[in-house]
Amino acid sequence: MCCCCCSWVWWQVAVADMNLRLQALLRFERGDAIMGKQGSPRSPRPDVVNVKDYHTRSSECLPGSDPILGRRLSGGDNNWKTKVALLHDLKHEYGKLGSCKAVYVGKRHLWFRKHVKSIVFMFTLMGSLFLLDSFMVSLFDSINLQNSSPSRTSSDLKGGRTAYANEEEPPVQMYGRLQNLAYSALAEKELKQEPSNFWEEPWKASLWKPCADRKESEKSGQPDKSNGYIMVSANGGLNQQRVAICNAVALASLLNATLVLPRFLYSNVWKDPSQFGDIYQEEYFVNVMKDEVNLVKDLPSHLKSLDIEAIGSLITDAVIVKEAKPIDYLTKVLPLLLQNGVVHLLGFGNRLGFDPLPSRLQKLRCKCNFHALKFVPKIQEAGSLLIRRIRKGPSKYLALHLRFEVDMIAYSLCDFGGGEKEKRELQAYRESHFPLLIERLKHSKPVSSSELRNLGRCPLTPEEAALVLAGLGFKRGTYIYLASSRIYGGKSRMHSFTSLYPNLVTKETLLTPSELAPFRNFSSQLAALDFIACATADVFAMTDSGSQLSSLVSGFRTYYGGGHAPTLRPNKKMLAAILSENSTIGWKSFEDRARKMIEEGFYVVFETAQLAAAAPPLPPPFLVSAILL
């Protein structure tokens, strides 16, 4: 490429040099015709013509002649009429003028003959440089094409978006008018220095009492005789697995069985091979729960050789429905356990209902979640470092779980304003990852995106989340930790959020690559860092109350917060009604309705807490969001 650039420079120099030579030639010709060769002695002036001769010649030869022309031909004499008369004399002396012209032409031909070699050399040089430049450009273009073709082809064969990774997508915005109003309102609040009221939790949230600390009239403990072994293979990510572990503890107590430490299934979505001991401290877990449930790390040797599926002890989702009641396990699972001595629950995602459930089982789930599951030191140390980095700047920070990953929004079937390209991408993702959903849609009545949004079934976009925070009075400078930074659409989707709240950080921006290196390719371990940052935040805001992380974090904050750890739970159905008036609603009205929406969520929690304080069976706090919203 350097040669190409040099040839181009030489070509430009040659052109400039040729221009200078041509300009010199023109000056030379003009000088010969008018003033004589430059540097030669000045031509003698013609004799002065008397006035009488002038009048005669001017009237006969040059009526209305231009004085400027006379000046140009005279060399600058003062009397332009005299110069016109001189021109008239030259016209009549045709023979003399012709001879002078012949002399001039001869001089010009002589000059061309003298410099013909230089002229030919310049044109030859220019042509050579032009050909060299064209050759180099074509050569480098062919090399670049050969180098780029394999990588583009490989990315196309993979079916990914690698070929378009560097394209700058335009910002996606659905509520431009409200965005402008919010921006003005935030600027005004900066001048007034008015703090938001939502940094504190209202209505005596401390009425919640920790479930595991309550004394039961009926003493719980390990059964005298075990009915067999329960194996559990939990699916999903960190939070689904955590719920499955605590449900397995409750189920083992219900069936008087010994629980083998749960294993985690590998997910094509999460792509994490982590097992129980990679995330939680095994010995600590066993020691905390040993007085409640019998736990072992593996099956005894005489059961390892059994074909669990062949003997009919493999329990799948087809056998146990979602949110099953205790009676379902007593009638379908217990007989197999007694017969074969072992059962294997495969999947076990949300396979134990919340209500009704005996209070002692609720207590076990509570104890498991809030006391027995302790992260391994590697995760604890990184989480502690993350919190120190966050606290280094602001005095307070807000943690936001923005549930806008591609799997979530693809499954929702909603439209998020990204146009036809977005629709095609989400449909392709559904066909690849959710074949059962595609099959179900073929046999069901289609529901429009607007209907789904009005029913509160669409995940909040980053733009909608920012509008809610602005409506609640959080200032533009609010320090915000974003959990789960795999936001679909990347910068183009986050532009609406960061334009209102630029102080946005993630674990990727706070921790160095070397500090994150032990967690690379382990999404559940990375999610554990988000869990820690959200649970210890001054305010936690969720965008989807059905999210397992949001439910677990809000329960953890309620359990340990003592009424000083507010959680913001927007009602998506109410918010959809507010945002449907985007073209007409005033900002003051938007603020009032957004605050009322959040306050009603606080009020429902407060009312439930009052009832729970008086009722013996307190629901486990880590499931509060799933029960109330």
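The analysis underlying the following values was restricted to heavy atoms, covering all of them including side chains, and did not include hydrogens, waters or symmetry mates.
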- [ ] Can you label the angle between the F276 ring and the Y280 ring as parallel, tilted or perpendicular, going by 30° and 60°?
- [x] tilted
TODO: If the plane angle is over 60° it's perpendicular, under 30° parallel, otherwise tilted; pick one for Y481 and Y397.
DONE: perpendicular
Answer yes or no: is there a donor N or O on one side and an acceptor on the other, between the side chain of [X] and the main chain of [Y], under 3.5 Å?
{"X": "E405", "Y": "Y488", "result": "no"}
{"X": "S492", "Y": "G489", "result": "yes"}
{"X": "R177", "Y": "I585", "result": "yes"}
{"X": "D272", "Y": "S523", "result": "yes"}
{"X": "E309", "Y": "L314", "result": "no"}
{"X": "N503", "Y": "G477", "result": "yes"}

Task: Result of checking E422, Q173, E463 against R493 for side chain to side chain donor-acceptor pair (under 3.5 Å) - done: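 By the side chain to side chain donor-acceptor pair (under 3.5 Å) criterion, R493 pairs with just one of E422, Q173, E463: E422.
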If you count every heavy atom of other residues, nucleotides or ligands that lies below 6.0 Å from [X] atom [atom1], does the total exceed 12?
{"X": "R476", "atom1": "CZ", "result": "yes"}
{"X": "Y183", "atom1": "OH", "result": "no"}
{"X": "H495", "atom1": "NE2", "result": "no"}
{"X": "D307", "atom1": "CG", "result": "yes"}
{"X": "K322", "atom1": "NZ", "result": "no"}
{"X": "R263", "atom1": "CZ", "result": "no"}
{"X": "K325", "atom1": "NZ", "result": "no"}

Task: Sidechain N-carboxylate O distance under 4.0 Å for R486, D407 - done: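 No, R486 and D407 are not salt-bridged.
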- [ ] Inspect the contact between K304 and D298 and indicate whether a charged nitrogen and a carboxylate oxygen are less than 4.0 angstrom apart.
- [x] yes
Task: Within 45° cone of F531 ring axis and under 6.0 Å: R242 NZ or CZ - done: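 So R242 does make the cation-pi contact.
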Under 3.5 Å, is there a donor-acceptor pair linking the side chains of [X] and [Y]?
{"X": "E451", "Y": "S448", "answer": "yes"}
{"X": "R424", "Y": "Q427", "answer": "no"}
{"X": "N247", "Y": "R351", "answer": "no"}

Open item on the list: Tell me every residue that passes disulfide (SG to SG under 2.5 Å) with C458, counting only those two or more places apart in sequence or in another chain.
Closed with: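 C458 satisfies disulfide (SG to SG under 2.5 Å) with C414 once adjacent residues are dropped.
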Open item on the list: Rounded to the nearest 0.5 Å, what separates atom OG1 in T461 from atom OH in Y175?
Closed with: 6.0 Å
TODO: Please name the residue in the list E581, E599, E600 that meets the salt bridge (Lys or Arg N to Asp or Glu O under 4.0 Å) test with R593.
DONE: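 That would be E581.
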TODO: List the steps and the verdict of salt bridge (charged side-chain N to carboxylate O under 4.0 Å, His left out) for K378 and D278.
DONE: CA-CA 9 Å; K378 178 180 73 171; D278 299 318; over 6 Å; no
Can you name the closest pair of heavy atoms from [X] and [Y] and give their distance?
{"X": "V342", "Y": "M231", "answer": "CG2-SD, 4.2 Å"}
{"X": "H344", "Y": "S233", "answer": "NE2-OG, 2.7 Å"}
{"X": "L386", "Y": "L510", "answer": "CD1-CD1, 3.7 Å"}
{"X": "G418", "Y": "D415", "answer": "N-OD1, 4.4 Å"}

Open item on the list: Quick one, L186 and Y501 - any side-chain contact, counting heavy atoms below 4.5 Å?
Closed with: yes
Open item on the list: Between L398 and F198, is there a side-chain heavy-atom distance shorter than 4.5 Å?
Closed with: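 Sidechains of L398 and F198: no contact.
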